[in-house]
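The structure appears right after this line, and notes come after that.
Labels below follow one simple rule: chain letters A, B, ... track the order of the sequence lines, proteins then strands, and each chain is numbered from 1.
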Amino acid sequence: MKKYLILAIILSLILIQNVNADILPYGRRYIESCYQISNADNFQEYIFILDEQISRPKKLDLNDCFAVNKNGEATIFAIKKDLFDENEFNEKFDKYTYNYEDKINYFKKPELKNSDLNLRIYPLPKSNDPLRKTVIILNIKELNENSFTIRKEKILFTYEDGTSEEKNFISQDIWPEPSKKALLPWWFAEFWFAILPFLALIIMIGIFIYKRKR
Amino acid sequence: MNIIIEYLVFLIATIFVEFLALFLFLKKKPFQVLFYSILINSFSLPLATYFYQNILNNFVFTEIIVFLIESILLIKLLSLKYSKAFLMSLVANFVTSLISFYIKVFT
């Protein structure tokens, strides 16, 4: 009997592994999603800073794909390298001493150019969609004393089976859709792949235990 | 056909075909055999579908795993001898595999 109980506990843990402490809409899931600037090399005289609504600003390493917080918008700022005071930045936005007012004042600096594009995470896919990761490629159209213009150029979708595809942005306000989508509606997929076999197994375990006791 | 209905029809058809195959061997307690066929297939078919669609796209290998799991469940549920349970599971799964293979290839 003990081994059936252990089996039931293990299965329950597997089935409820997707429980998330965040407010994740039911039937959706988080995926890896990040941004990359395709032509950052053309602007090597600049430092790029990512300012997010609900977290500390961070200096962007343009060789890496950078993620934005799932609960808000982010904006990229640019500042000429010779005008950027790294010590001041690190001090102001230290993990322990950082405060929101400092941030507001810092981004009022005239030498900091803010881009015209607000960055958000890619919309959460359905829990059974085969999408694993998105990389959104940004392109700097203009960066000078007066303006800083960025456009979302294309998006790279990577699927659970390891394949990937690239789609261009037709409009800045509309996310391109991945070609591969789940065959089944998410609620049926949960019923089919989790609830139905789990219920069947629980009933069978009940029968095994009953038969053994008898 | 709507994909949900397609999945459900396939489950019901599998339950019914496997029930017939099992009942031909046992020739007793039809309702109990039908109930066990419902339980066994409600467990194995969704997991086999998931395995085939997401883990290993190999029909024969998936069917072999299903055959082994169902044999063990038959031994436990119907208190059968190993040889009889394996034979029943082999026949039941062979018939359903043939039907699904036919549907896959010819429809």
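- In this structure, chain A has a heavy atom under 4.5 Å from the side chain of Tyr36(B), while its backbone stays farther away.
- Under a cut-off of 6.0 angstrom, the local environment of CD in Gln172(A) is crowded, with over 12 non-hydrogen atoms contributed by other residues, nucleotides or ligands.
- Atom CG in Leu201(A) sits 8.0 Å away from atom CG in Leu73(B) (nearest 0.5 Å).
- Between Ile4(B) and Pro185(A) there is a side-chain heavy-atom pair separated by less than 4.5 Å.
- No side-chain heavy atom of Ile202(A) sits under 4.5 Å from any side-chain heavy atom of Phe43(B).
- Within the 4.5 Å cutoff, side-chain heavy atoms of Leu39(B) are placed close to those of Ile207(A).
- With a 4.5 Å cut-off on side-chain heavy atoms, Leu11(B) and Leu196(A) count as touching.
- Of the two parts of Ser44(B), neither the backbone nor the side chain holds a non-hydrogen atom closer than 4.5 Å to a non-hydrogen atom of chain A.
- Using a 4.5 Å cut-off between heavy atoms, Phe51(B) does not touch chain A at all.
- The CD atom of Glu6(B) sits 9.5 Å away from atom CG of Leu184(A), with the distance rounded to the nearest 0.5 Å.
- Two residues are said to be in side-chain contact when any heavy atoms from C-beta on lie closer than 4.5 Å; Leu47(B) and Trp192(A) fail this criterion.
- Neither the backbone nor the side chain of Pro130(A) comes within contact range of chain B, judged by heavy atoms closer than 4.5 Å.
- Within the 4.5 angstrom heavy-atom criterion, atoms from both the backbone and the side chain of Leu183(A) approach chain B.
- Across Asn41(B), Leu8(B), Leu77(B), the residue that shares the most heavy-atom pairs under 4.5 angstrom with chain A is Leu77(B).
- Among all heavy-atom pairs drawn from Lys211(A) and Lys76(B), the shortest one is CD-O, 4.1 Å.
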